[in-house]
Amino acid sequence: VQLQAFGGGLVQAGGSLRLSCVGSGGTFSSYSMGWFRQAPGKEREFVAAIHWNGARTYYADVGKGRFTISRDNAKNTVYLQMNSLKPLDTAVYYCAKDGRSFAAWGNDPPSTTYAYEYWGQGTQVTVSS
């Protein structure tokens, strides 16, 4: 299984970026996907997750109202649309794939690093003030 994230870059505060993550080497559509980020000197933190069928999404407070996660299972791709970016959003962004196929979320969406088995290489997002 490989996940390749891209779409990062340098953007001014208030701007937008769309990150993409393409999966290969395994079934994509049966697994929930997530985005995390890690700023220098900080732990990796959860940003957003999307259910394997795309019907549910879950966001950390940092992204609510500004970020949108979506997926296109026909393209084995998950996206993170980021609007109204702030300098505090500067980080390396990672996509991740849940290791459990057809996992039901219930009241516990996958929002920890432990819930994900496969990770992409990360894409740098830098927001200038």
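FYI, the numbering just counts along the sequence from 1.
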> What residues, two or more places apart in sequence or in another chain, satisfy side-chain contact (heavy atoms from CB on, under 4.5 Å) together with Tyr79?
Replying inline: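 Checked Tyr79 against side-chain contact (heavy atoms from CB on, under 4.5 Å); matches are Arg18, Ser20, Ser70, Asp72, Lys75, Thr77.
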>> What verdict does the side-chain contact (heavy atoms from CB on, under 4.5 Å) test give for Lys97 and Val78, after you've listed the backbone C-alpha separation in whole Å, the side-chain angles of each residue and the deciding distance to 0.1 Å?
In response: CA-CA 10 Å; Lys97 180 180 176 182; Val78 62; over 6 Å; no
Point-to-point distance, once rounded to the nearest 0.5 Å, from [atom1] of [X] to [atom2] of [Y]:
{"X": "Ser101", "Y": "Phe28", "atom1": "OG", "atom2": "CZ", "result": "14.0 Å"}
{"X": "Ser30", "Y": "Asp98", "atom1": "OG", "atom2": "CG", "result": "11.0 Å"}
{"X": "Met82", "Y": "Thr68", "atom1": "CE", "atom2": "OG1", "result": "11.0 Å"}
{"X": "Arg71", "Y": "Leu80", "atom1": "CZ", "atom2": "CG", "result": "13.5 Å"}
{"X": "Asn76", "Y": "Ser29", "atom1": "CG", "atom2": "OG", "result": "7.5 Å"}
{"X": "Phe67", "Y": "Asn83", "atom1": "CZ", "atom2": "CG", "result": "8.5 Å"}

Please answer whether the main-chain N or O of [Y] pairs with a side-chain N or O of [X] as donor and acceptor at a distance below 3.5 Å.
{"X": "Tyr31", "Y": "His51", "answer": "no"}
{"X": "Thr126", "Y": "Leu10", "answer": "no"}
{"X": "Thr90", "Y": "Val127", "answer": "yes"}

[X] and [Y]: which non-hydrogen atoms are nearest, and at how many Å?
{"X": "Ser129", "Y": "Ala13", "value": "CA-CB, 4.4 Å"}
{"X": "Cys95", "Y": "Leu3", "value": "SG-CB, 3.8 Å"}
{"X": "Gly122", "Y": "Val92", "value": "CA-CG1, 3.8 Å"}
{"X": "Pro110", "Y": "Ala49", "value": "O-CB, 3.7 Å"}

>> Looking only at the aromatic ring of each residue, does the gap between the centers of Phe46 and Tyr59 stay below 6.0 angstrom?
In response: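 Centroid distance Tyr59-Phe46: not below 6.0 Å, so no.
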> Looking at Phe36 versus Trp119, is the centre-to-centre ring distance below 6.0 Å?
Replying inline: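 Yes - the distance between ring centres of Phe36 and Trp119 falls below the 6.0 Å cut-off.
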Would a hydrophobic clustering, with Ile, Leu, Val, Met, Phe, Trp and Tyr connected at side-chain separations under 4.5 Å, put [X] with [Y]?
{"X": "Val11", "Y": "Tyr93", "answer": "yes"}
{"X": "Met33", "Y": "Val62", "answer": "no"}
{"X": "Tyr116", "Y": "Val22", "answer": "no"}

> Does CD belonging to Gln38 count more than 12 external heavy atoms closer than 6.0 Å?
Replying inline: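 Yes, because the 6.0 Å sphere around CD of Gln38 holds more than 12 heavy atoms from other groups.
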> Is the charged tip of Arg44 near the ring of Tyr94: under 6.0 Å from the six-membered ring centre and within 45° of its axis?
Replying inline: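 The answer is yes, since Arg44 meets both limits relative to Tyr94.
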> Please walk me through it: do Trp35 and Leu19 pass side-chain contact (heavy atoms from CB on, under 4.5 Å)?
Replying inline: CA-CA 10 Å; Trp35 285 98; Leu19 306 183; 3.7 Å; yes
>> Run Arg66 and Asp89 through side-chain contact (heavy atoms from CB on, under 4.5 Å) and show every step you take.
In response: CA-CA 11 Å; Arg66 299 189 300 128; Asp89 295 318; 2.7 Å; yes
>> Looking at Lys64 and Asp61, is any side-chain nitrogen of the basic one under 4.0 Å from a carboxylate oxygen of the acidic one?
In response: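 A salt bridge is present here (some side-chain N lies under 4.0 Å from a carboxylate O).
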>> Looking at Glu45 and Arg37, is there a salt bridge between them, counting it only when a charged N and a carboxylate O are closer than 4.0 Å?
In response: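 Yes.
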> What residues form a ring pair (Phe, Tyr, Trp, His ring centres under 6.0 Å) with Trp52, not counting sequence neighbours?
Replying inline: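 In terms of ring pair (Phe, Tyr, Trp, His ring centres under 6.0 Å), with neighbours along the sequence ignored, Trp52 is linked to Phe102.
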> Hey, mind stepping through Tyr58 and Ile50 against side-chain contact (heavy atoms from CB on, under 4.5 Å) and telling me if it holds?
Replying inline: CA-CA 6 Å; Tyr58 182 68; Ile50 186 165; over 6 Å; no
